[in-house]
Amino acid sequence: MSSKGIVKRSEDFSKWYNELVLKADLAEHSDVRGCMIIKPYGYAIWEKIKDQLDLMFKETGHQNAYFPLLIPKSYLSKEAAHVEGFAKECAVVTHYRLKNSEDGSGVVVDPAAKLEEELIIRPTSETIIWNTYKKWIQSYRDLPILVNQWANVVRWEMRTRLFLRTSEFLWQEGHTAHATKSEAIEETEQMLDVYANFVENFMAVPVVKGVKSENERFAGAEETYCIEALMQDGKALQAGTSHFLGQNFAKAFDVTFADKEGKKNHVWATSWGVSTRLMGALIMTHSDDKGLILPPKLSPIQIVIVPIYKNEEQLNIISEYAHKLKKELSELNISVKFDNDDNKKPGWKFAEYEMKGVPLRITVGPRDMENKTVELARRDNLTKSTVSQDGLPKLLLDSLNKIQEELFSKASLFLNENTFQVDSIDQMNQVLNNKGGFVEAFWNGDSKSEQKIKDLTKATIRCIPLQGSEKGNCVLTGEPNSKKVIFARAY
RNA sequence: CGGGGUGUAGCGUAGCCCGGUUAUCGCGCCUCGUUUGGGACGAGGAGGUCGCAAGUUCGAAUCUUGCCACCCCGACCA
């Protein structure tokens, strides 16, 4: 039966990923091309991500607001680089009404209901937000503005993949306005740190912090900071970006403020975002051939209790214990599911919760009740042990923390073992064609060289790392004094 | 946008080349019973505009033409 298991990673990583997303009940394809339905279990993980990030944004002084989904077409064209970057993938609303078709077969667009000015479904909200900030900002006293919004955006991508690239996706976008350049840069860097902190400490996904090359920069940004993660198949995934927008949007939307001397200045801007793509990073970093592996901090269910019984009497005894344990664990803020569904056999449940990545499983049967023990199974390393019921809550709490740490260590080790130094294009191709990974090499800083390297290797510059300022000979041209960057094939 | 593929029950599929009773099988679902320490078993049952449209034919899931949709692989992007 097809519901059993998924294809092995080593056989077809891409297929493995797709099957995992479907079988772990995270999401499914909708009837609309490139759009996905995020199912309750997948959404519960996203909510965990969202809640934690939201907390961190608020701790750093940001407030949430909400701006419209629809943006007048003309707004988009006000910032030249921005429109250039996004025009190709915008969905456009042209009419506001349907009517019954003449032959009665359904509804058609009412040609009489054509909009004067077409509306774009936001691919990102810089334009409508800066058009709004213009009204909000007059004086230096109005600054900074530190606003975030949780929203959906639409980018009509050629090719889509569940979570990694969908036509519509969920994200947050922070948009801040500052009086000085240095303050804006500080904000940009601060939010990059927030992202890196979250991704490493909650998702247990190690990242490299850096800035993008000019080619890879966000449309309209002066500097794009990013965090880059490495997936199990050796491909890189951009996990978050934070942009220093300079005064580009302030100029495009004429947003100025009067400083203490009464002099008018353009406002400095940042924007930063992470999306449901993080779900893809989470999945592809930790999971195995049995299914999803979730870090405890983001797992909707942290512990599942599976009872084993031959009759109702036994079930009652186990249930009583399970409810007591569940209550004790709740007091430690551990989320527990007691799965007493009588329609599914234990073996089925074991496989199911492994597919769904629940970090810990407790099995309790008559034998255990007699010995005052439980069987404890770890999802991440698939080990099982029999442990005493005495002091169990504390042990479980410790185990969850341990799993969280070990997932991060394991992923960090993978990142380190799959980061290679090369000094020629041949070597680079060798590494990339073999197992992939991050490739450190020197680059002369020229966009043309970057493009040439991409043509030769299919690898792009993922980032110019913030740490380490070594210089060396350019991997393409041999020019000395070139800076060290990370290349990889990327999602 | 190029290349490949698929569309038959909730899901996965056989049948299509070579047209012919009532469209195959598995999972899932419903009922009853037995089961429950790694994806249980038996018996019975329900469920179908064969992607859409036109054509050929006595007869179309099957042949022809057109259309639509989605998936996968590339190039482009978070």
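Chain letters run A, B, ... following the sequence lines, proteins first, then strands; residues in each count from 1.
Between the base of G38(B) and the side chain of E354(A) there is a donor-acceptor pair shorter than 3.5 Å.
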Can you run through RNA chain B from 5' to 3' and write each base as (, ), [, ], | or . depending on how it pairs? Watson-Crick or G-U wobble, both distances under 3.5 Å. (((((((..(((.......[....))).((((((.....)))))).....(((((..]....))))))))))))....
Pair E126(A)-K78(A), salt bridge (charged side-chain N to carboxylate O under 4.0 Å, His left out): steps then yes or no: CA-CA 11 Å; E126(A) 274 78 6; K78(A) 289 192 181 177; over 6 Å; no
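Taking the centre of each ring, F86(A) and F218(A) come in below the 6.0 Å mark. Ring-centre distance between W46(A) and F163(A): not below the 6.0 Å cut-off.
Across all strands, L164(A) comes closer than 4.0 Å to base atoms (heavy-atom distances). Residue contacts for E157(A): at a heavy-atom cut-off of 4.0 Å it reaches a base atom on one of the strands shown. Using a 4.0 Å heavy-atom cutoff across all strands shown, T166(A) reaches at least one base atom of the nucleic acid. Heavy atoms of V32(A) sit under 4.0 angstrom from primed sugar atoms or phosphate atoms, though from no base atom.
Distances shorter than 4.0 Å separate none of the side-chain N or O atoms of T124(A) from OP1 or OP2 on A78(B). Not one side-chain nitrogen or oxygen of K310(A) sits closer than 4.0 Å to the OP1 or OP2 atom of A40(B). In this model, the phosphate group of C77(B) is not approached by any side-chain N or O of K212(A) to a distance below 4.0 Å at OP1 or OP2. A close approach under 4.0 Å does occur between a side-chain nitrogen or oxygen of K345(A) and OP1 or OP2 of G37(B). Regarding contacts with the backbone of G74(B), a side-chain N or O of R159(A) is found under 4.0 angstrom from either OP1 or OP2. Between N311(A) and the phosphate of U36(B), there is no side-chain N or O to OP1/OP2 separation shorter than 4.0 Å.
If you take CG of L22(A) and C1' of G10(B), they are 15 Å apart, rounded to a whole angstrom. Taking atom CZ of R33(A) as the reference point, atom P of C70(B) lies 7 Å away to the nearest angstrom.
Remark: side-chain polar atoms of Y41(A) are paired, donor with acceptor, to backbone N or O of K356(A) under 3.5 angstrom.
Using a 4.0 Å cut-off between a side-chain N of Lys or Arg and a carboxylate O of Asp or Glu, K448(A) and D446(A) do not qualify as a salt bridge.
Within 6.0 Å of NZ on K290(A) lie no more than 12 heavy atoms contributed by other residues, nucleotides or ligands.
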